[in-house]
Structures are given as C-alpha cells and as structure tokens.
There are 4 protein chains.
Amino acid sequence: MSTEPSTEDAWLQQLLELGESGKAMTNKQRRIVQAAVEIFAEKGYSAASTSEIAQKAGVAEGTIFRHYKTKKDLLLSIIGPTMAKLVAPFVLRDFTPVLEASYAGYDDFLRALVRNRLEFVRRHLPVIRILLQEIPFQTELREEFKAVLMREVYVRVEKAIHHFQAQGQLIALPAFTVVRLTVSVVVGFLMTRFMLFPELDWNEEEELEICVNFIMNGLSAGPSVPRGEE
Amino acid sequence: MSTEPSTEDAWLQQLLELGESGKAMTNKQRRIVQAAVEIFAEKGYSAASTSEIAQKAGVAEGTIFRHYKTKKDLLLSIIGPTMAKLVAPFVLRDFTPVLEASYAGYDDFLRALVRNRLEFVRRHLPVIRILLQEIPFQTELREEFKAVLMREVYVRVEKAIHHFQAQGQLIALPAFTVVRLTVSVVVGFLMTRFMLFPELDWNEEEELEICVNFIMNGLSAGPSVPRGEE
Amino acid sequence: MSTEPSTEDAWLQQLLELGESGKAMTNKQRRIVQAAVEIFAEKGYSAASTSEIAQKAGVAEGTIFRHYKTKKDLLLSIIGPTMAKLVAPFVLRDFTPVLEASYAGYDDFLRALVRNRLEFVRRHLPVIRILLQEIPFQTELREEFKAVLMREVYVRVEKAIHHFQAQGQLIALPAFTVVRLTVSVVVGFLMTRFMLFPELDWNEEEELEICVNFIMNGLSAGPSVPRGEE
Amino acid sequence: MSTEPSTEDAWLQQLLELGESGKAMTNKQRRIVQAAVEIFAEKGYSAASTSEIAQKAGVAEGTIFRHYKTKKDLLLSIIGPTMAKLVAPFVLRDFTPVLEASYAGYDDFLRALVRNRLEFVRRHLPVIRILLQEIPFQTELREEFKAVLMREVYVRVEKAIHHFQAQGQLIALPAFTVVRLTVSVVVGFLMTRFMLFPELDWNEEEELEICVNFIMNGLSAGPSVPRGEE
DNA sequence: CATGAATGAGACTTCATTCAT
DNA sequence: GATGAATGAAGTCTCATTCAT
C-alpha cells in the first residue's frame with residue numbers, strides 16, 4: 001500500500017535500483033512528503049503532528065495514512081532515500097578504479113568530493129537535518145546505516161587511502177584515522193557553512209581550498225607521533 | 001520553586017556565580033533530574049513522558065511539577081548548567097594571560113584543552129546528547145548560547161590565536177577559520193570517541209597526539225591560500 | 001471547526017443573520033451540546049468535567065475537542081446564541097414604530113413582553129441558569145452583553161418610554177429609572193416563577209396581570225419625589 | 001478542630017447565639033478567610049484553588065486545612081454567618097410588635113429596611129456575591145436557607161402585611177405576592193446599585209424614595225385583579 | 001500550631017490511527 | 001483514492017488533601 005518501503009534496511013536497495021522508488025507518487029503524496037519534511041525539520045519528528053502535516057499539505061488527515069501505514073513510515077520514507085543518496089558516490093560500482101584513475105592526488109579527490117557534497121547538502125538540507133536529529137533514536141536505521149557505511153563505503157575508501165599512502169602522499173596512519181580526520185574537517189565545514197552560520201557570505205571555493213590544504217598538510221608531513229618518548 | 005533557573009539566559013549567571021544554584025536539592029528532586037537525564041537522552045525530549053520519568057525516579061508524577069513548573073522547565077534546568085560548564089574553561093577571568101603564560105605553544109594549549117574536554121564529555125555524556133538534540137529546537141537557548149560563545153569565548157580565543165600567529169606558530173588565516181578547523185578536529189574526535197564508536201578500545205593519549213599533530217601540521221606549514229590572487 | 005463562533009462579540013451577528021449558524025450539527029455534536037447544557041446548569045461550568053459531559057453525551061472525550069477547541073469554547077457556543085435570542089425582540093429592525101403602533105398603552109406592551117419572555121425562559125431555562133452563573137466570570141462576554149444592552153436595547157426602549165411619558169401614561173422619571181423599576185418587577189417575577197418556586201402551581205395569566213397593574217400603578221400616579229423637604 | 005461549624009444548618013444558631021462564632025480567630029485564620037472571600041468572589045468557588053488562597057493569605061497550604069477540614073468547609077464558614085446576618089433584622093425576638101409600634105406605615109418600614117440593607121450589602125458585597133453564586137449549587141445550604149426564610153422571616157412579614165392591609169394601607173393581595181413585588185423592587189435596586197452599575201454616581205436617598213413611592217403606589221391604588229371573575 | 005513536600009486522582013487536551021461514506 | 005468524524009490512549013499539568021518534621 002505504501003509506495004515507500006517501511007522496512008528500514010530497504011533503503012540501500014533503492015540506491016542500487018538506481019532511484020526508482022515505488023513508481024508514481026500522486027500529487028497529494030508529493031505534497032504530503034514535502035510538508036512532512038518541512039515540519040519534521042522545523043520541530044522534530046516527535047513534536048510534529050500528522051494533523052499539522054495534513055493541513056500544510058492540504059489533504060485530509062486520513063489521506064496520509066492511505067499512503068503511509070504509520071507516522072514512522074512516513075519518516076522512514078523520507079530519511080531512507082536520502083541516506084541512500086548520501087552514500088551514493090561511494091557505492092558506484094567502480095569507485096576505486098575510477099578514483100585512482102581520475103584523481104592525481106588525494107587533494108584532487110577531496111576537492112571533487114567536497115564540491116559534490118556541498119551541492120548535495122545544499123539541496124537536501126531539511127532532510128539532512130531530520131536525519132541528524134532522528135538517527136540517534138531510530139536504532140534499526142542507525143545500525144543499518146553504520147553497517148552500510150562500514151561495509152560499502154569504508155572498505156572502498158580504505159583501499160583508496162592505502163593507494164595514496166603507497167604513493168607516499170599520505171602519512172602512514174591507520175586508514176580509519178585518516179578517514180576520521182578527513183571527515184571531521186569536511187563535516188565541520190559543511191555544518192558551519194549550512195547549519196551554524198548559513199547567514200554569512202561564504203566564498204565556498206576559497207573555503208574549500210583552505211580545508212583541502214589543511215587536510216593535506218595535516219596528513220602529509222613527518223611522523224605522526226613525533227614525541228620520542230611516546 | 002525550581003532550584004534551577006528557568007529563564008534561559010540565566011545559565012551563564014550560574015557559571016559566574018561559580019556556585020551551587022538554589023541550594024538544597026531534595027533527594028527526590030535529584031532522582032527526578034537523574035531520571036529525566038536518562039530518559040531525555042534515550043528517547044529525546046519530545047518523546048519522553050513525564051509519567052515515565054516519574055516512574056523511573058520513583059516519585060509521583062505530581063512531584064515533578066512541584067519542582068519544575070513545566071516539562072520544558074525540567075529540560076532547561078538540565079541543559080542550562082551544563083552549557084555553562086561547557087564554556088567554563090574559556091570564561092575564567094584570566095583566560096588569555098594564563099593561556100599565554102602557561103603554554104609554550106598552540107599544541108600545548110590544545111593538548112590541555114582536549115584532555116580537559118575529554119573528561120568533561122565523559123562525565124556529562126547524556127546531558128551533552130540532550131544538548132545536541134534539543135539545541136536546534138530551543139530557539140532562545142540556542143541564541144543565548146551562540147551569543148555567549150561569540151561574546152565570551154570567541155573573543156578570548158581570537159586574542160590567543162593572534163598571539164600564536166604573531167609568534168609565527170600559526171598560519172595567517174582568519175582567526176575564525178583557525179577556530180573552525182581546530183574545533184572540527186576536536187569535536188570530530190570527541191564524537192567519534194564517545195558517540196559513534198564508544199565500544200572501541202581507545203588509546204586516548206595516542207589519539208590526542210594524532211589530533212594535535214594533525215592540527216599543528218595543518219595550520220603551520222606553507223601558504224594557506226595558494227591561489228596567487230587571493 | 002466549531003459551528004458556533006468562539007469570539008465572544010460574534011453572538012450578535014448570529015441574531016442579525018437570523019439564521020442557523022455554521023450549518024449542520026452532527027448528531028453527536030448536538031448530543032454534546034445537550035449534555036453540556038445539562039451539566040453546566042447542574043453543577044456550574046468550573047465544576048463540570050469534560051469527561052462527564054462526554055459520558056452523558058455518549059461520545060468519546062476526544063470528540064468534544066474535535067468540535068470545540070476548548071471547554072470554554074463549548075461554554076461560549078452555548079451562551080452566545082442564547083444571549084442573542086434574549087435581546088432579539090428588542091433588536092428587530094422596527095421595534096419602536098411597531099411598539100407605538102401595536103400597543104395602545106405601556107401596559108399592553110408590558111403584557112406582550114412578559115408573555116413573550118415567559119415562553120423564552122421556559123424553553124431555555126437551563127441555558128439561562130448557566131448565563132446567570134457565568135456572566136460574572138466571563139469578562140469579555142459580560143462587557144459585550146452590557147454594550148449591546150445599552151446600545152441596541154436601551155436606546156430603543158428609552159424612545160418608547162419617552163413616547164408614553166409624552167402621552168401622560170407614565171410618570172416623568174428618568175427613563176433609566178423607569179426601565180430599572182419595570183425590569184425589576186418582571187425579572188423578579190420570572191425568577192420567582194422558574195427558579196425560586198418552580199414547584200408551585202402558578203396561574204401565569206393572573207400573575208401577569210398583577211405585575212402589570214403593580215407597575216402601571218407604581219409608574220402612573222403623582223410626583224415621584226413627594227417629600228417637600230428633599 | 002474547625003472554629004466554624006461545617007454542618008450547613010448550623011448557621012442560624014450563630015445568629016441566635018448572637019454572633020459569637022467559635023471564639024478566637026487567630027491572625028492567620030483571619031487572613032485565610034479574608035483571602036478566600038476575595039478569591040471566591042473573583043473567580044468562583046470551583047475555580048479558586050486553595051494554594052492561591054494560601055498564597056494570598058501568606059500562609060502555608062497546609063495551614064488552611066488545619067482550620068477547615070475541606071475547601072467546602074472554608075466556603076461554608078464564610079457563607080453561613082453572612083446568611084445569618086442577612087436575615088437577622090427579621091429574626092429579632094420582637095420583630096412584629098416593634099414593627100407595628102415603630103412605623104406609622106408600610107412606607108416607613110420600607111424606608112428603614114432598605115436603608116439598613118443598603119449598608120449591609122455595601123459592607124458585605126464580596127460575600128454576597130459568593131452567596132449568590134454558590135447557593136444554586138449547595139443544595140443543603142439552599143434548602144436550609146429557604147426553610148429559615150419561610151419559617152422565621154416570612155411568617156413574621158406576613159403578619160405585618162396583614163396588619164397594614166387591615167389598616168387599608170395595602171391592597172388585598174396575597175401576602176406572598178406583596179412580598180414578592182416588594183422584594184423584587186428592593187433587590188432590583190440593590191443589584192443595580194452595587195452589581196450592575198456600581199460605577200455610577202448614585203443619590204441613594206433619592207433612589208430610595210423613588211423605590212418606596214413606586215411600591216406604595218403599586219400596592220395601594222385600585223383593584224389589583226381587574227378581571228371581574230377573579 | 002505551622003509548614004511545605006509529597007501524593008494520586010482527575011482535569012483538559014492532543015494525537016495517531018480507523019473506518020463509514 | 002480521498003475524506004474527516006470519531007476514537008481512546010496517553011500526554012501534561014492542577015489540585016485538594018495528608019503527614020512527617
């Protein structure tokens with residue numbers, strides 16, 4: 001009955017199926033999702049009421065439940081696909097070879113990655129807000145997300161990092177640490193840009209260079225644990 | 001009636017008064033707060049019910065409302081003091097001189113800071129979880145927090161950064177950018193350590209060194225904005 | 001959503017629109033209003049509980065709040081229309097000319113008036129009870145009621161009284177005083193009849209004549225302030 | 001424990017015992033009663049909370065219940081004595097002879113009565129408000145009040161009226177009717193004066209004369225029941 | 001006597017969900 | 001498919017009353 005899967009682990013399927021989610025969304029259904037995104041983002045899932053969503057969507061209260069069995073179903077139908085798209089760039093069949101072929105260095109890869117995710121976040125900001133808010137409370141979703149990240153994304157990235165380390169571009173830290181440091185900087189930038197100070201007048205290209213340089217400098221130079229006694 | 005202030009902008013007062021607010025907490029009141037922290041952290045403020053809190057605290061539901069006028073009052077009485085303690089190290093009267101006198105370099109300062117905040121987060125993890133969850137929805141609290149961060153914390157840190165830049169330890173980036181990059185790495189570490197992978201067997205001192213080195217390398221070397229015209 | 005207006009000053013509109021407000025009342029809604037009238041009249045607004053009303057109406061408690069946003073809304077939806085009907089006879093477009101044309105004397109007018117209001121009170125006794133109980137506590141309602149009484153009703157009656165005074169039927173007291181005395185007797189009769197001693201076996205036509213004669217005698221004879229020294 | 005009787009039918013005793021009610025009222029007790037009167041009058045018995053009363057009286061919540069077993073007890077301790085004083089002038093041992101000796105006519109009697117009750121209402125307005133509000137809902141109180149009115153007051157007044165009728169001063173209507181008409185006018189005056197338009201600038205002596213004349217004219221002239229067959 | 005923390009029943013209200021139309 | 005009236009469980013909060021101090 002619902003056009004979106006309600007089982008939480010289904011959202012990766014959507015990605016692999018390349019985006020066809022349940023076919024036709026009626027006009028009303030689209031309006032429901034749109035309204036739900038806005039209200040969930042504004043007040044949080046628990047504090048949002050289905051009647052408010054119905055009102056903003058301009059449909060009857062019952063109509064929501066014709067498309068989504070429960071309120072949580074509606075939430076998952078919003079979060080799931082976005083999570084899929086979030087990891088999409090890494091799950092493409094040929095991630096590693098493409099990466100190694102396309103980018104001369106880790107910095108070029110980072111530049112491309114950050115540019116790409118900047119656009120993604122810009123376009124899906126409300127849903128990402130919801131995602132960040134709800135992931136701590138949706139256990140199954142979180143576990144599945146973590147599993148996919150580790151299984152699909154991390155293994156690919158790890159290989160790439162080993163590749164760049166073998167080239168001598170990157171310091172010989174554990175790949176996990178390299179990822180953590182890189183992700184910290186990138187995510188820190190995105191959050192500062194879009195959530196903490198969205199009202200500032202950002203020069204994104206410049207900030208991008210700063211981030212990439214920071215990461216490259218941080219990860220390229222000498223020994224990682226320089227203190228002799230450690 | 002409540003021993004904790006319910007006006008949102010009051011929490012900094014608590015810090016400056018450095019004291020125990022409102023005196024005696026009865027035994028029951030302490031149990032209420034304890035239970036509230038656990039349940040708010042576990043399911044979020046909106047999804048938590050006062051009856052569940054009362055039950056876990058082992059008091060009658062009415063007792064909660066004798067101490068806290070509303071459920072939100074209870075939340076704020078938990079979040080406020082923690083926010084105050086969170087910025088405490090920076091608001092000490094003599095932050096900048098102490099900093100400059102105590103620490104030979106930015107790295108020493110970072111080391112001390114991270115060690116200190118590691119302990120803080122470890123001790124107040126549930127409340128910090130609540131803080132992160134609710135800050136997007138508690139407008140007044142958020143604005144006040146931002147204001148204090150900018151007014152009290154940032155100006156002090158900025159001076160310190162200029163000091164280290166004058167010494168040639170740090171790259172000549174805007175202080176705001178230096179802070180952003182530093183904070184990204186530190187917060188990224190803390191969240192990875194305590195929220196994403198708390199179950200791993202962390203060698204905190206080693207990770208601390210990695211973070212500090214990463215930051216110092218990232219912020220010390222060559223030109224930050226390599227594009228000639230900038 | 002409510003079929004009765006909840007803004008207090010709206011009730012006169014209902015009268016002037018002379019129509020059925022808000023169209024269809026569902027069957028359940030009618031039962032809710034009916035039950036509310038009975039219970040409000042019996043124990044007073046504050047002491048009545050919505051759960052008791054729901055029970056007597058045979059609906060779920062939530063159903064009440066689908067039709068009336070608050071308990072007070074329910075009260076006002078009951079009181080408002082009755083207040084409108086209470087002043088209706090005086091607000092008819094052509095009150096004064098009709099009055100002067102139809103009634104040879106003040107006594108005929110009184111006779112018609114009392115007969116008419118007798119029926120009204122008989123039909124709406126419970127609501128009138130509620131009205132009398134709650135008007136002291138519903139400030140806005142009371143002020144609006146007083147304003148309408150003075151603006152719509154009193155000015156018309158005043159003109160009629162001047163007319164009868166010009167004819168020599170009525171003593172030359174201030175119209176306000178004439179109204180006060182007349183109303184005292186009429187209201188005194190209605191309250192004695194319906195609220196103090198409803199169980200007695202009343203001969204209403206006879207009592208009506210007594211009242212009218214009392215008023216006419218009281219208001220027709222000599223000087224109103226006969227004491228020479230006053 | 002309570003210094004005021006809680007059995008509703010006890011209030012007449014107080015009158016006959018000539019006012020000594022339970023001896024000493026502590027200072028706090030007096031403040032409780034004072035606060036209760038104000039709050040009951042302002043928002044009604046049911047809508048008033050004991051905690052609000054305690055606060056206004058400046059005592060602890062528990063203190064109220066040390067003096068009055070229940071909230072209703074507090075109400076009755078306020079209403080009872082006032083009801084007693086309300087009928088006091090009529091219950092004096094020698095009402096009828098005094099009346100007949102003291103007053104040349106019904107008008108003199110009325111004049112004295114109204115003057116006396118004016119002062120009484122002026123002094124006890126808040127309690128009288130409470131009395132009027134609560135009498136419909138306090139069944140026992142109401143029945144007792146009615147019984148006393150009929151047994152103690154009415155029989156005395158009836159005798160006086162027969163006396164004045166025998167003198168030819170008053171029309172030969174049933175005493176009950178004479179009382180009803182008289183009371184209507186007097187009560188109508190008092191309510192207009194103190195409750196409906198207390199803000200007007202009243203010339204009480206003049207209004208008193210108007211009322212008395214109105215009553216005397218209404219009750220003295222021609223046939224009260226003009227219909228021949230009655 | 002007085003206090004005020006504690007209680008628990010019950011108040012009003014919201015809400016996700018169902019179902020007859 | 002769409003509606004929206006109806007539901008009843010559950011939510012937040014109030015309140016009269018008790019009792020240990």
Side-chain angles (χ1 to χ4, degrees), chain A residues 1 24 26-29 32 46-55 57-74, chain B residues 1 24-29 32 46-54 57-74, chain C residues 1 24-29 31-32 46-54 57-74, chain D residues 1 26-29 32 46-55 57-74:
Chain A
M1 189 160 301
T26 70
N27 177 34
K28 299 214 167 189
Q29 195 171 351
I32 289 169
S46 282
S49 80
T50 52
S51 82
E52 193 183 357
I53 293 170
Q55 190 174 0
V59 304
E61 296 191 43
T63 306
I64 291 176
F65 293 91
R66 192 149 288 283
H67 294 286
Y68 305 93
K69 254 206 319 291
T70 66
K71 186 188 170 192
K72 181 173 279 192
D73 241 41
L74 175 56
Chain B
M1 193 155 298
M25 254 195 182
T26 63
N27 177 34
K28 301 218 166 188
Q29 194 170 352
I32 289 168
S46 283
S49 83
T50 51
S51 80
E52 193 182 357
I53 293 171
V59 303
E61 200 167 357
T63 305
I64 292 176
F65 294 93
R66 175 154 291 278
H67 294 289
Y68 305 93
K69 267 208 302 295
T70 65
K71 185 187 169 195
K72 181 174 279 191
D73 238 43
L74 175 56
Chain C
M1 195 155 298
M25 255 195 182
T26 64
N27 177 34
K28 301 218 166 187
Q29 194 171 353
R31 265 154 51 206
I32 289 168
S46 283
S49 83
T50 51
S51 80
E52 194 184 356
I53 293 171
V59 303
E61 202 168 355
T63 305
I64 292 176
F65 293 92
R66 175 154 292 279
H67 294 288
Y68 305 93
K69 265 207 304 294
T70 65
K71 187 187 169 194
K72 181 173 280 192
D73 238 42
L74 175 56
Chain D
M1 189 159 299
T26 70
N27 177 35
K28 300 214 168 192
Q29 195 171 352
I32 289 169
S46 282
S49 80
T50 51
S51 82
E52 193 183 357
I53 293 170
Q55 190 175 1
V59 303
E61 297 191 42
T63 306
I64 291 177
F65 293 91
R66 194 149 287 283
H67 293 286
Y68 305 93
K69 254 205 322 289
T70 66
K71 185 187 170 192
K72 181 173 280 191
D73 240 41
L74 175 56

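To find a chain, count down the sequence lines: A is the first, B the second, and so on, and within it residues start at 1. For clarity, every value in this text was computed on a predicted model and none was experimentally measured.
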Nearest-Å distance for atom pair CD/C1', residues C/Q29 and F/dG4: 13 Å
Would you say C/T63 reaches F/dT7's phosphate, i.e. side-chain N/O to OP1/OP2 under 4.0 Å? yes
For C/E61, the salt bridge (Lys or Arg N to Asp or Glu O under 4.0 Å) test, sequence neighbours excluded, returns none
Listed by chain and number, what are the side chain to side chain donor-acceptor pair (under 3.5 Å) partners of C/S46, not counting sequence neighbours? none
Non-hydrogen atoms of B/T50 and B/I64 that approach each other most closely: O-CD1, 3.4 Å
Among B/V59, B/L74, B/I32, B/D73, which one satisfies side chain to side chain contact (heavy atoms under 4.5 Å, CB included) with B/H67? B/I32
For a quick check, with a 4.0 angstrom heavy-atom cut-off, what is the B/S/- contact string for nucleotides 13-21 of chain E, read 5' to 3'? BBSBBB---
Rounded distance (Å) that lies between atom C1' of F/dA16 and atom CD1 of D/I32: 14 Å
Do any N or O atoms from the side chain of A/K71 and from the backbone of A/A48 form a donor-acceptor pair under 3.5 angstrom? yes
Whole angstrom is fine here: how far is it from NZ in B/K28 over to C1' in E/dG8? 12 Å
Using the side chain to side chain donor-acceptor pair (under 3.5 Å) criterion, which residues pair with C/T70? Sequence neighbours excluded. none
Side chain to side chain donor-acceptor pair (under 3.5 Å) filter on A/Q55, not counting sequence neighbours, yields none
Using whole Å, what does the distance between atom C1' of nucleotide E/dA11 and atom CG of C/L74 come to? 15 Å
Separation between the P atoms of E/dC1 and F/dT21, rounded to whole Å: 23 Å
Does any N or O in the side chain of C/R31 come within less than 3.5 Å of the main-chain N or O of C/G58, such that one atom is a donor and the other an acceptor? yes
Does a nitrogen or oxygen in the side chain of B/H67 sit under 4.0 Å from OP1 or OP2 of E/dA6? yes
Nearest whole Å is fine: how far is F/dG4 P from A/I64 CD1? 13 Å
Please work out the stems of DNA chain F from pairs that are Watson-Crick or G-U wobble with both distances under 3.5 Å, keeping only runs of three or more consecutive pairs. E:2-21 with F:2-21
